[in-house]
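A short write-up of the structure that comes next.
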Amino acid sequence: MKIAVISDVHGNLVYLRACLGEIERLGCDVLVCLGDTVGYFPDALPCMEELESMKGHHLMGNHEAMLLGLLPLSAANDCVYRLHKVREVLPESRLAWLGQLLPFWATTLDARRLLFVHGSPWDPLRGYVYPDAVEEILGTLPFDAVFMGHTHRPFCTALNGVLVVNVGSCGLPRDVGNSPSFAVYDTQLGEVVMHRVVGELEEVLRRYGNAHPAVHACLCRRSGI
């Protein structure tokens, strides 16, 4: 089985469609979204609909938790996240669906013990794991592979026999190059391939001209503009 794993779409329909198109081209069997489909950009609802059109499993991220009132959200942060705008357009049925999601999913596929989590194994909603602190934070894990998001910075490493993967961000990449990313895991081979997609930055800036200036600055800085 080939599992495509994405995270942190953040309402960016332009980048999401680019990633999903590549996932379909690769012939993946199932899609796992690690959460934070909402926030920053306004296309939360169409992004959810695009994701649901593919066979998959969905997790809650910290932005969904803030949207639902499960985590605190300051006015200053929401000025950037724009979650109040998302709340205005999502129907109650969609909010109820989001409320049923969990921030982690542990499963076994083809005898591989897998953990999918938005943040970290010990703080599923808000934990950050960066590549320079993997050993210090994670230590020994009872899985064959662990997939995370939240940092918007992709990496892949092996730690004590465990494959540790951050799939980066589909909607708001924060590493150098400004390329949306996702991972594809082969359960038979026990191997992962990181994929970067050419994002149409100009279309993002045109479509989301009302996003907070700090978000635009992040995108342009990472792309070298």
Side-chain angles (χ1 to χ4, degrees), residues 1-21 23-24 28-74 77-78 80-109 114-121 123-127 146-152 166-172 180-185 207-208 210-211 215:
M1 177 180 290
K2 292 171 65 175
I3 305 173
V5 190
I6 68 171
S7 189
D8 298 274
V9 176
H10 285 300
N12 187 338
L13 186 62
V14 177
Y15 280 5
L16 175 62
R17 283 175 171 167
C19 288
L20 293 183
I23 288 170
E24 288 186 319
C28 296
D29 299 293
V30 67
L31 172 74
V32 178
C33 179
L34 301 181
D36 274 12
T37 302
V38 306
Y40 293 115
F41 300 111
D43 281 331
L45 184 56
C47 283
M48 292 181 196
E49 292 171 345
E50 290 273 345
L51 289 168
E52 287 187 346
S53 69
M54 304 182 71
K55 179 182 178 182
H57 193 95
H58 304 270
L59 302 186
M60 176 185 291
N62 60 300
H63 277 250
E64 281 85 21
M66 287 186 289
L67 175 72
L68 296 170
L70 303 176
L71 285 178
L73 174 64
S74 69
N77 284 341
D78 197 33
V80 181
Y81 301 159
R82 305 287 173 91
L83 291 174
H84 65 286
K85 294 291 187 181
V86 175
R87 195 176 296 110
E88 291 174 359
V89 300
L90 288 187
E92 288 300 320
S93 59
R94 181 63 62 175
L95 292 171
W97 178 80
L98 289 175
Q100 297 176 354
L101 302 181
L102 295 176
F104 63 90
W105 179 42
T107 188
T108 300
L109 297 172
L114 309 176
L115 175 65
F116 301 89
V117 61
H118 179 72
S120 74
D123 191 348
L125 279 175
R126 294 179 290 185
V146 175
F147 299 89
M148 302 172 290
H150 194 42
T151 67
H152 296 217
N166 191 303
V167 304
S169 173
C170 169
L172 188 60
S181 62
F182 63 91
V184 174
Y185 179 70
R207 186 180 181 100
Y208 304 127
N210 292 329
V215 177

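Between Leu114 and Ile3 there is a side-chain heavy-atom pair separated by less than 4.5 Å. Under the 4.5 Å side-chain criterion, counting only non-hydrogen atoms from C-beta, Trp105 is in contact with Val32. Between Pro103 and Leu59 there is no side-chain heavy-atom pair separated by less than 4.5 Å. Looking at heavy atoms from C-beta onward, Pro121 lies in side-chain contact with Val146 at the 4.5 angstrom threshold. Side-chain contact between Val215 and His10 is absent, with no heavy atoms from C-beta onward closer than 4.5 Å.
Every pair passing side-chain hydrogen bond (donor to acceptor under 3.5 Å, both in side chains) that includes a residue from residues 42-71 is listed here, sequence neighbours excluded: Arg17-Glu50, Asp43-Arg207, Asp43-Tyr208, Glu52-Arg94, Asn62-His118, Asn62-His150.
Nearest heavy-atom pair, Ala106 versus Leu115, reported as atom, atom and distance to 0.1 Å: CB-CD1, 4.2 Å. The two atoms that bring Val184 and Cys28 nearest to each other are CG2-SG, 3.8 Å, heavy atoms only. In terms of heavy atoms, Phe41 sits closest to Gly171 at CE1-O, 3.7 Å. Summarising the geometry of Cys170 relative to Pro180, their closest heavy-atom pair is O-CB, 3.3 Å, with the distance given to 0.1 Å. Contact between Leu34 and Ser7 at its shortest, heavy atoms only, is CB-OG, 3.5 Å. Smallest separation of non-hydrogen atoms from Val86 and Ala44: CG1-CB, 3.8 Å.
Between the side chain of Asp78 and the main chain of Leu83, a donor-acceptor pair closer than 3.5 Å is present. Distance alone, capped at 3.5 Å, is enough to place a donor-acceptor pair between the His152 side chain and the Leu172 backbone.
The line from CE of Met48 to SG of Cys33 is 9.5 Å long, rounded to the nearest 0.5 Å. Between the CG atom in Leu20 and the OH atom in Tyr15 there is a gap of 15.0 Å [rounded to 0.5 Å].
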Problem set entry | Leu51 vs Ile6, side-chain contact (heavy atoms from CB on, under 4.5 Å): CA-CA, chis, key distance, verdict | CA-CA 10 Å; Leu51 289 168; Ile6 68 171; 3.5 Å; yes
For this session: Take Asn77 and Met66 through the side-chain contact (heavy atoms from CB on, under 4.5 Å) test and state the conclusion after the steps.
Result: CA-CA 10 Å; Asn77 284 341; Met66 287 186 289; 5.8 Å; no
Exercise. Which is it for Leu67 and Leu95 under the side-chain contact (heavy atoms from CB on, under 4.5 Å) test, yes or no, and what are the steps along the way?
Worked result: CA-CA 9 Å; Leu67 175 72; Leu95 292 171; 4.0 Å; yes
For this session: Just do the side-chain contact (heavy atoms from CB on, under 4.5 Å) check on Ile23 and Phe182 with the steps written out, would you?
Result: CA-CA 9 Å; Ile23 288 170; Phe182 63 91; 3.5 Å; yes
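The environment of CD in Glu88 is crowded: more than 12 heavy-atom neighbours from other residues, nucleotides or ligands sit within 6.0 Å.
Ring to ring, Phe116 and Phe104 are not that close: their centroids are 6.0 angstrom or more apart.
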